[in-house]
Amino acid sequence: MRELDFQAMDRNKLLSVQTIENIMDEEDLLAREMLIQEASDRAEELKCLTKFKTLINAAKKEEKRLIELAKKDIRGGTKTNNNIIDFEGCEKSYNCGAWVANDTGVRTFTVMGERLACYHPILPVARMINIQTGKEKVKLIFKKGGFWKEIVVDKSIIASSSKIVALADFGVSVTSENSKALVSYLSDVENLNVDDIEVRNSTSKLGWIKGDFVPYDVNVYFDNESNFKTLYESIRKGGKREKWYDLVKSIRATDRLEPKIYIASAFASVLIEPLNALPFIINLWGDTGKGKTVALMLAASIYAYPGNNEYVTDPKSTITALETRTNFLNNFPVLIDDMSQIKDKFNDDFSSLVYFLCSGKGKERSNVNLGINATNSWRNVFLTNNEHSLVTETMQGGAVNRIIDVEMGDGYIFENGNQVVEIIKKNYGFAGEEFIELVKEMGFEKISKIQKDFQQKIMDKAKSLGVEKEEKQILPMSIILTADKLATENLFEDGQYLDFETCFNLLKDKDAVSENQRAYEYILSEIGINKNNFIIKGSTRDDYRQIWGSIESGYAVMLKNVFDKICKEANCSTRTFLSWARKKELIKVGKDGKNTISKRINGMVQRCIWLKLPDDGDEFVDIEDGQLPFNFG
């Protein structure tokens, strides 16, 4: 039963055509009579009951007349309760109920006369249930200007007369005047043909979806094209396959690591999901103008058109925009050109960005209904470049683990970078689809075995050299080597594998990655730089500007607040560092078991951190004018 607030209506509103039409539109006759009674009571209060009854009686007579008229042809269609859609060039023969749907448009007839839904043919042809969200979308086709077009929209769009006007942007002739009728027509067609309209699984993301890979496989329908039109359309094939392969083979035949590891990493991106790994970053760094961007474009050309910033992006967009883009690409590699553009935004420390990208999921966000929206997620590889290494002395250890930093070699990466760009802009997109077919043919189990063999090979080599490589870097590198092996043996067939020794040396040792170890080294460097702020036993100087503590017996005795300040600059937790240093016996512990020991500094007794210096740490000495602090032999 319709909900009409008659008590809120004045005389003019109650007697309006809109109110009478709303009452008569109620199909349930009992509910309609109840509405008439409620309206009559209000009309009696407003002293217009006679006029209201006259209008209602006239509407009922008109309805009866139209029932008789329904048996006659109207504008080429028959007004019955079982009309069939009759659109030229459309194979669908859906029941459209009381609507007349032909090439002149869509309309029906009510007590108030003709009710137009649309000036041209339009109908729903498929329902799509999104695998990630469970929400439904509807595929509409419509004919305008002699051509059929199709669009996919959220179900909520065509269920609301206020929202459906958004279809005007796609070319549908809908306004605020006919929007309500169009909603009713589309709803009637869908419900009357619920068993005939195709139902398909759909996805708003690219990549692996239930064993298929979107957009190369068509078993799962992609329903998010309108939101990422440029990016989606960039993933395509163009030009000649042989020209792309000939170019890439000639580049792989050189001794340049940079393009080979970029290419292997781009292939590796689609293996992250089936191998159940987390995202990681391959960062190429070095002097500007030497070919880093061209190398990134070359990697992009595996899957997509590499020009015009369609697939390759820059880092200046907001974190939310980057999250949305990454969620959409899902298993495709994300290519970000020139990270130095945002170094000031992160104070030259990308730890938070690295953690975010490599976590594989976005932030939880609530919706207007106080529920939680579906969280964005991805499993892929990020290819970035920069003028400097992404890894800094103060970067948190967890972030360092997730970056494989590749320093450029001397000279230019490509002999003729302009020629490379010219060729890949005309020939692109073949290798990606072929690699996906290869992966499906081989099967994930076989590929997983190859990856585990590489993983074991890396660990065995580390053990033989007596070094300990960071485990969180071993897995990504084993996936890169796996992708390189598959592509080299099946796509390129050129025997140009990535050099294992070189890749092994790219992996960081555990000590180098240890956040606390790097913090210790940072603190030592700060002590060395600020030696003049320490009282050194045996020194006679008395012109200190600041006093941080003293150097004695192989220890740097530091005031607690000074120590805390340096730890903050080193981007490490004071408590965590002291716990680690205590286990490593790098601090002197007081008799009371505390990490601080009292010491008289500049005449005042204060609690201090006693940090052990390296073996030569007690050689902080004052240098006479003209005397070199180092012995150069």
Side-chain angles (χ1 to χ4, degrees), residues 206-207 228 230-232 234-235 258-259 261-270 272 278-362 376-392 395 399-400 402-408 413 421 424 428 432 476 480:
L206 302 179
F228 295 93
T230 300
L231 180 55
Y232 178 74
S234 73
I235 302 174
E258 302 91 347
I261 198 165
Y262 257 175
I263 290 170
S265 300
F267 283 128
S269 185
V270 300
I272 300 297
L278 286 173
F280 59 90
I281 297 172
I282 298 293
N283 180 61
L284 176 62
W285 64 277
D287 293 340
T288 186
K290 296 298 179 65
K292 296 192 301 295
T293 298
V294 177
L296 202 64
M297 292 174 66
L298 181 65
S301 70
I302 292 173
Y303 301 100
Y305 175 68
N308 300 339
N309 291 326
E310 293 181 12
Y311 189 89
V312 180
T313 189
D314 63 54
K316 291 184 290 186
S317 57
T318 64
I319 294 296
T320 301
L322 183 58
E323 175 187 332
T324 305
R325 181 187 186 90
T326 304
N327 175 72
F328 169 73
L329 288 172
N330 192 23
N331 303 130
F332 279 90
V334 175
L335 279 55
I336 307 175
D337 186 30
D338 193 6
M339 294 290 286
S340 61
Q341 295 182 60
I342 58 169
K343 64 180 181 180
D344 293 337
K345 182 178 180 180
F346 291 90
N347 295 320
D348 215 14
D349 182 356
F350 294 97
S351 294
S352 60
L353 179 62
V354 171
Y355 276 125
F356 167 70
L357 295 178
C358 297
S359 68
K361 64 179 181 179
N376 292 331
S377 62
W378 51 87
R379 292 286 185 92
N380 59 357
V381 176
F382 294 87
L383 303 184
T384 65
N385 61 45
N386 201 354
E387 292 182 11
H388 307 286
S389 170
L390 278 187
V391 178
T392 62
M395 178 173 278
V400 176
R402 291 161 172 80
I403 302 171
I404 295 179
D405 240 7
V406 181
E407 184 179 4
M408 277 180 54
I413 297 176
V421 171
I424 62 176
Y428 52 84
I480 293 173

Return yes if some donor-acceptor pair links the side-chain N/O of Lys292 with the main-chain N/O of Gly286 below 3.5 Å, else return no.
yes
Between Trp285 and His388, what is the shortest heavy-atom contact and its length?
CB-O, 3.4 Å
Considering all heavy atoms of both residues, which atom of Ala300 and which atom of Pro306 are nearest to each other, and what is their separation?
CB-CB, 4.2 Å
Could you measure the distance from the NZ atom of Lys316 to the CE atom of Met339? Nearest 0.5 Å is fine.
13.5 Å
Restricting to non-hydrogen atoms, name the atom on Val381 and the atom on Ala268 that form the minimum distance, rounded to 0.1 Å.
CG2-C, 4.2 Å
Main-chain N/O of Ser377 paired to Asn327 side chain as donor or acceptor, under 3.5 Å
yes
Side-chain heavy-atom pair Thr384, Ile403 within 4.5 angstrom cut-off:
no
Is there a donor-acceptor contact under 3.5 Å from the side chain of Trp378 to the main chain of Arg325?
no
Going through the distances and angles, do Asn331 and Ile272 end up as a side-chain contact (heavy atoms from CB on, under 4.5 Å)?
CA-CA 7 Å; Asn331 303 130; Ile272 300 297; 5.8 Å; no
Atom of Ser265, atom of Ile282 and distance for their closest heavy-atom approach
OG-CG1, 3.4 Å
Mind checking whether Leu284 and Met408 have side chains closer than 4.5 Å, heavy atoms only?
yes
CG of Asn309 to CE of Met297, rounded to nearest 0.5 Å, is 8.5 Å
Is it true that a side-chain atom of Asn308 and a backbone atom of Glu310 form a donor plus acceptor pair closer than 3.5 Å?
no
Testing the basics here: between Gln341 and Pro315, what is the closest heavy-atom pair and its distance to 0.1 Å?
NE2-CD, 3.9 Å
Show the numbers, then the answer: is there a side-chain contact (heavy atoms from CB on, under 4.5 Å) between Thr326 and Asn376?
CA-CA 9 Å; Thr326 304; Asn376 292 331; over 6 Å; no
Judged by atom type as modelled, is there a donor-acceptor pair below 3.5 Å linking the side chain of Tyr303 to the main-chain atoms of Pro333?
no
Look at the side chain of Asn380 and the backbone N and O of Phe332, then say whether any donor-acceptor pair between them is shorter than 3.5 Å.
yes
Could you label the plane-to-plane angle of the Phe328 and Phe228 rings as parallel, tilted or perpendicular, counting under 30° as parallel and over 60° as perpendicular?
parallel
Compare all side-chain heavy atoms of Thr313 with those of Leu231 and state whether any distance is below 4.5 angstrom.
no
Within a strict 4.5 Å, meaning less than it, do heavy atoms of the Asp314 and Asp338 side chains meet?
no
Note: Leu206 and Asn330 closest approach over all heavy atoms is O-ND2, 2.8 Å
When you measure from the side chain of Asn283 to the backbone N and O of Asp405, does any donor-acceptor pair fall under 3.5 Å?
no
With side chains defined as the heavy atoms from C-beta onward, is the minimum distance between Pro279 and Leu357 less than 4.5 Å?
no
To the nearest 0.5 Å, what is the distance between CG on Leu335 and CD1 on Ile302?
9.0 Å
Report yes if some heavy atom in the side chain of Tyr262 is under 4.5 Å from a heavy atom in the side chain of Leu298; otherwise report no.
no
What residues form a ring pair (Phe, Tyr, Trp, His ring centres under 6.0 Å) with Tyr311, not counting sequence neighbours?
none
Measure the shortest side-chain to side-chain distance between Leu322 and Ile336 over non-hydrogen atoms and say whether it is less than 4.5 angstrom.
yes
I'd like to check Phe280 versus Ile480 (side-chain heavy atoms, cut-off strictly below 4.5 Å). Are they in contact?
yes
